[in-house]
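Data first, discussion second: the structure below is written as structure tokens.
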Number of protein chains: 2
Amino acid sequence: MATLPLCLKPNLPDRDIDLHSTPTLKDVAEAAGVATTTVARVINDKGYVAEDTRERVMKAVEATGYRVNSLARTLKSNRSNVIGHLLRSTDPNPFFVKVARGVEEYARGRSYTTLTYNMQGAAEAERRGIDTFLNWRVDALVFSTPVSEDNVAYAVKSGVPVVQVERPRSEAGHRITVKNYQGASRAMRHLLDLGHRSIAYIGEEPGSQGNAFADYVEEERFGAYRDAKKNHGAFDEALVRFTRPQSAEHIPGAGYGARAMSSILDAGTKVTAVLASSDMIAAGVLQAVHASGLRSPEDVSVIGFDDTLSPYLSPLLTTVRLPAQKLGETAAKLLIDQLEKPGSKANKLIELDAEFVVRDSTAPV
Amino acid sequence: MATLPLCLKPNLPDRDIDLHSTPTLKDVAEAAGVATTTVARVINDKGYVAEDTRERVMKAVEATGYRVNSLARTLKSNRSNVIGHLLRSTDPNPFFVKVARGVEEYARGRSYTTLTYNMQGAAEAERRGIDTFLNWRVDALVFSTPVSEDNVAYAVKSGVPVVQVERPRSEAGHRITVKNYQGASRAMRHLLDLGHRSIAYIGEEPGSQGNAFADYVEEERFGAYRDAKKNHGAFDEALVRFTRPQSAEHIPGAGYGARAMSSILDAGTKVTAVLASSDMIAAGVLQAVHASGLRSPEDVSVIGFDDTLSPYLSPLLTTVRLPAQKLGETAAKLLIDQLEKPGSKANKLIELDAEFVVRDSTAPV
DNA sequence: TTGTAGGCGTTATCAA
DNA sequence: TTGATAACGCCTACAA
């Protein structure tokens with residue numbers, strides 16, 4: 001027997017209870033002594049309704065406890081006013097939580113609802129999420145960020161507007177990215193200005209995603225580091241530590257940062273500053289510094305990336321802030337704009353600035 | 001003119017595009033040369049279908065790119081297999097993100113979808129979220145955690161199963177809580193065993209929520225502290241710092257913890273250990289310790305609550321772990337159990353154990 | 001083993 | 001200014 005394609009949701013279990021015996025338009029209409037059409041006109045504030053009729057209908061709405069059935073409405077109108085948000089992961093790295101907040105708040109402002117699906121970095125879960133959303137007829141889809149290029153293509157093919165946020169994996173749909181090179185360059189300039197020359201880099205290995213678009217992020221961050229070091233005649237591989245994520249689900253965390261920093265410290269190489277490619281890694285760097293009895297920033301300056309954990313660390317972490325919330329807002333805006341004026345482009349590319357935030361973890365040599 | 005009650009979603013904007021011209025059962029039926037009934041039987045794997053007919057239908061499904069319309073299905077069956085999750089906030093405190101993950105994963109395992117609505121601590125947003133979910137005919141509602149007792153009552157009244165997680169505000173629906181007294185007691189025992197007697201407490205002021213149920217959490221945490229200190233003849237108000245959240249949206253954070261700890265340090269009171277009522281507050285305590293040139297745990301032992309930030313701090317924070325994921329899983333389980341066996345109780349109260357996690361921020365005096 | 005027909009709650013068209 | 005009626009896509013008796 002052939003198996004069901006993913007886009008067919010497993011059948012609903014048989015059940016006998018009727019939970020939602022919510023009154024319908026018809027009930028309200030009867031209570032008000034009018035036709036359902038009239039009630040609909042009142043509720044949607046559309047078309048002509050006599051003032052006293054309106055009052056009567058509103059009373060009936062109250063009396064019956066009527067509530068709209070968005071399912072029926074969407075079935076009929078083909079528009080759900082819902083945006084589906086596919087989140088790569090929310091835990092442990094809270095970055096995408098901030099993106100989600102941006103999407104939600106912007107969408108709400110334009111009377112869209114946002115629904116969120118957490119894929120925990122797994123391509124199959126991502127696929128299930130896309131299918132769930134499409135089965136529910138969401139109007140548009142946000143990937144923050146996509147796991148699989150194929151999945152993005154699959155979503156685009158379905159015809160809904162799509163946007164890839166922060167780390168796109170293809171040219172499909174809209175894309176919103178961050179100027180990572182610029183951000184990392186500013187961080188390096190800051191360290192160089194403070195007199196640092198022995199600056200280490202700890203991050204993901206560029207190219208480890210196996211996708212040219214997605215890899216661009218780490219390439220830019222490391223590239224800015226390397227360029228800055230070269231310009232000061234001091235690029236030294238002994239001060240670089242790369243990790244390679246085991247799988248899409250795995251995000252390099254504090255443990256990795258701590259081990260990498262310890263290995264640099266143990267090697268005895270001179271190091272007065274560290275650029276980490278995420279706040280989580282930077283948190284680990286600070287742990288290693290602390291564990292070795294040193295202090296930041298007195299002994300080692302540390303800079304992170306993202307601005308997620310930075311306000312909670314000791315010392316408060318200087319970091320390259322990714323505009324997470326704005327990323328989300330922009331994604332929602334692009335999508336809703338496209339939905340509301342049909343002719344518009346479906347392939348915009350937007351690059352947002354990173355902001356450099358100086359806190360307490362950097363100081364002169 | 002009367003205004004629309006909240007439960008009537010604002011009307012959809014007029015639009016002319018038809019985004020989802022997805023094939024329907026009818027299209028598949030035509031392609032396969034059978035009736036829609038037969039296609040439905042194949043898709044739902046229900047009733048008798050000849051093997052070759054099934055094959056033919058499956059081919060037609062593939063060929064047409066058919067996908068189920070969950071809206072129509074739910075409209076008909078009155079069951080959406082969707083759980084609505086109302087999240088108090090996700091940022092900055094990532095605690096509820098973990099709860100959300102628990103709900104999602106458990107629900108998915110029983111083929112329910114979870115939709116999430118972020119209310120950012122605002123009662124009106126919570127109300128909007130409830131209405132949105134009910135308008136979409138979700139099968140059940142999770143509050144993690146509710147902002148307004150009235151809103152919970154409103155949700156329960158609608159007839160959907162409801163659960164309040166971690167900090168209930170009433171006896172309505174199911175409730176899942178954590179044994180905070182037990183958790184805080186273990187933390188105190190740990191500190192006492194290490195020889196600490198000058199132990200400070202920094203947290204929210206018990207009673208500041210203005211709701212007996214919600215206030216119970218902070219009362220238990222502080223109560224365990226006070227009882228332990230009294231049992232060792234050493235309760236001293238000079239070592240206690242309370243904050244009172246300005247509003248429901250506001251969560252005491254690292255800034256508060258840092259200020260409170262500094263004030264204790266500045267006062268010159270002897271303090272060798274601190275129990276903080278959240279990891280975020282504890283993060284601030286560590287910042288103050290670091291800023292004053294002291295070290296943890298050598299000079300001050302620190303214990304947090306939640307196990308959210310603890311793995312990222314320097315030193316790694318000893319903490320009372322709230323079983324966030326399990327809280328979510330249990331919530332989903334309760335709800336789905338109730339949905340699937342109608343007769344069952346709608347008012348269960350479950351108390352989960354807190355787990356005490358010893359890391360690096362505590363040491364003998 | 002397969003098909004016909006009616007209805008879920010809403011909106012849109014067309015009359016009245 | 002209001003009302004009847006026909007879809008939207010699916011499910012499910014009931015019939016064949």
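Chain letters run A, B, ... following the sequence lines, proteins first, then strands; residues in each count from 1.
For the residue pair B/His174 and B/Gln338, a side-chain donor N or O sits within less than 3.5 Å of a side-chain acceptor on the partner. Using modelled atom types and a 3.5 Å distance limit, the side chains of B/Tyr106 and B/Arg110 yield a donor-acceptor pair. The closest side-chain donor-acceptor pair between B/Thr90 and B/Asn118 falls under 3.5 angstrom.
When each of C/dT11, C/dT2, C/dG3 is scored by its nearest atom to the side-chain atoms of B/Val34, the top-ranked nucleotide is C/dG3. In this structure, the nucleotide among D/dC11, C/dT10, C/dT1 sitting nearest to the side chain of B/Ala40 is D/dC11. For B/Ala35, the listed nucleotide lying nearest its side chain is C/dT4; candidates were C/dT4, C/dT11, D/dG3.
Because its NZ or CZ atom is not both nearer than 6.0 Å to the ring centre of A/Tyr48 and within 45° of the ring axis, A/Arg41 does not count as a cation-pi partner of that residue. Both tests hold for A/Arg127 against A/Tyr154: distance to the six-membered ring centre under 6.0 Å, angle to the ring axis within 45°.
One N or O donor and one acceptor, one from the side chain of A/Arg41 and one from the base of D/dG3, sit under 3.5 Å apart.
Distance, B/Leu71 CG to D/dC11 P: 12 Å, rounded to whole Å. The nearest whole Å value for the distance from the CG atom in A/Leu25 to the P atom in C/dG9 is 10 Å. If you take CD of B/Glu30 and C1' of C/dT2, they are 17 Å apart, rounded to a whole angstrom.
For the pair B/Arg56 and A/Leu75, nearest-nucleotide mapping onto DNA chain C gives the more 5' position to B/Arg56. Projected onto DNA chain C by closest heavy-atom contact, B/Tyr48 and B/Ala72 fall at different nucleotides, the more 5' of which corresponds to B/Tyr48.
The side chain of B/Thr24 places no N or O atom within less than 4.0 Å of a non-bridging phosphate oxygen (OP1 or OP2) of D/dC8. Between C/dC8 and A/Asn69, no contact under 4.0 Å exists linking OP1 or OP2 to a side-chain N or O. For D/dG3, the OP1/OP2 oxygens have a side-chain nitrogen or oxygen of A/Thr38 closer than 4.0 Å. Applying the 4.0 Å criterion to OP1 and OP2 of D/dC10, one finds that B/Tyr66 has a side-chain N or O inside that range.
Base contact: A/Thr37 has a heavy atom under 4.0 Å from a base atom.
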